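Reading through the structure tokens given below for one structure.
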Amino acid sequence: MNKEKIILEIDPGIDDSLALISTIKSNKYDILGISIVSGNVDSTQGCKNAYKVLELLNHQHIPIYKGDDLPLKIKYTDARDTHGNDGIGEVYFPDKLHIQEKHAKDFIIETLEKYPNEVIIFALGPLTTLAKISLENKEILKKAKHIKIMGGSARVHGNCSPVAEYNFWVDPHSAKIVFNLGLENITLYPLDVTYKILFTPNMREMVRQFDTELSKFVYDITGFYVDFHWKQERTLGCIINDPLVIVDDLNNIVEFENADIDIVEEGVARGESIVDFKPSGKVKVAQKVDNRKFFEYFLKTVFNDQINDVELMFKKEMI
Ligand code: BDR
Ligand code: CA
């Protein structure tokens, strides 16, 4: 069977790294490239972090393309408070910069031209690169088979302000440009569903017991995230937003409602996603998720060598 062609547009980032791992480990995708946007960390550090995952999984052949350093119009604010100084939980794996000469923007444009209606873009960071692409060519994003975005909050509290989620808050002008295109191929995974994706201390302990290079990586990079969640909101464990987009693409574990979406660019509501739910809405917005199923699929995919143990832990209701 032909594998689905995809572009991963990410800002790794702890949860972005987990999304990248699950994408590779699923073995279901033809990953045409990883494009890195500034978000959790600047795009240079993001490229280095993506390469660490590729090295870990022995997939160094996947090309990495660097995007811009800054948001479209406003001052850049990273999320190192959440993801650690190195962006992946202060584990400080050696930094190596292995990137393509081509800019992330040009890579995406050329790929969509080459494979019209064949490529899924998973956009798990700020929408800077996608906005810049559409400023150059208003029609180009129509050529994506789907654009699956993690960002925004519809009916729940934000994580940067009462109304704004980080990916849209950090570059609201870009988010607005993308949603104002009126595209019909966008699916949005807001905090409404990703907040439910809590990687619990028991799951993390199971991962530690696996004692492999990969399990150590997952255990180590999530430690900082766990501490952040405790300090910030008295949550035990950590919320791993981004892999939900991948796991749902593979397993359909989310329910959607249609909506039209606009983004607030400035002022007290900066980055708010205004989600107007209605049957004629152009964007599919995730509103319900089976989080147990998410973790079954996610853990079995990432730790497919320990699948029996994962199943057993679910059966014994220990995770
Ligand atoms: C989003 O912001 C980032 O910190 C995460 O990687 C995720 O994409 C959640 O608000
Ligand atoms: Ca992200």
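In this chain, numbering begins with 1 at the start of the sequence shown. We count ligands from 1, going down the list as the structure has it; atoms in each ligand are counted the same way. A quick note: this is a predicted structure, and the numbers were derived from the prediction, not measured.
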Heavy-atom nearest neighbour in the protein, as seen from atom 8 (O) of ligand 1, with distance rounded to 0.1 Å: Asp242 OD1, 2.7 Å
Please state which protein non-hydrogen atom is closest to atom 6 (O) of ligand 1 and give its distance, to 0.1 Å? Asp15 OD1, 2.6 Å
Walk me through whether Ile108 and Tyr65 qualify under side-chain contact (heavy atoms from CB on, under 4.5 Å). CA-CA 9 Å; Ile108 298 178; Tyr65 300 87; over 6 Å; no
Please indicate whether any nitrogen or oxygen in Leu124 is less than 3.5 Å from any nitrogen or oxygen in ligand 1. yes
May I ask you to list the atoms of ligand 1 that are less than 4.0 angstrom from any heavy atom of Asn159? 9 (C), 10 (O)
With heavy atoms only and a cut-off of under 4.0 Å, state how Thr82 meets ligand 1: side chain, backbone, both or neither. neither
From Ile197, Ile221, Thr23, residue fulfilling side chain to side chain contact (heavy atoms under 4.5 Å, CB included) relative to Leu18: Ile221
Between Asn241 and ligand 1, does any nitrogen or oxygen pair lie at a separation below 3.5 Å? no
Over 12 foreign heavy atoms within 6.0 Å of NZ, Lys293: no
Before accepting this row, confirm whether a basic side-chain N of the pair Lys73/Glu265 lies closer than 4.0 Å to the acidic partner's carboxylate O. no
Taking the basic N atoms (NZ, or NE/NH1/NH2) and the acidic carboxylate oxygens, is any pair closer than 4.0 Å for Glu213 and Lys216? no
Should the pair Asp42-Arg80 be classified as a salt bridge under the 4.0 Å nitrogen-to-oxygen rule? yes
Does atom CD of Glu101 have more than 12 heavy-atom neighbours, drawn from other residues, nucleotides or ligands, at distances under 6.0 Å? no
May I ask you to establish whether Arg155 and Phe277 are in a cation-pi arrangement, using a distance under 6.0 Å from NZ or CZ to the six-membered ring centre and at most 45° from the ring axis? yes
Are Glu113 and Lys143 close enough for a salt bridge, meaning some N to O gap below 4.0 Å? yes
Listing by chain and number, what protein N/O/S atoms are under 3.0 Å from the Ca ion (ligand 2)? Asp11 OD1, Asp16 OD1, Asp16 OD2, Leu124 O, Asp242 OD2
What's the shortest distance from atom 4 (O) of ligand 1 to any protein heavy atom, and which residue and atom give it? Asn40 OD1, 2.7 Å
Examine Lys5 relative to Tyr115 and say whether NZ or CZ is less than 6.0 Å from the centre of the six-membered ring and inside a 45° cone about the ring axis. yes
Hey, is NZ on Lys300 packed in by over 12 heavy atoms from elsewhere, all under 6.0 Å? yes
Starting from atom 1 (C) of ligand 1, what is the nearest protein heavy atom, named by residue and atom, and what distance separates them? Glu165 OE2, 3.2 Å
Any nitrogen or oxygen of Asp11, main chain or side chain, under 3.5 Å from a nitrogen or oxygen of ligand 1? no
Hey, does Tyr225 come in under 3.5 Å of ligand 1, counting only N/O atoms on both sides? no
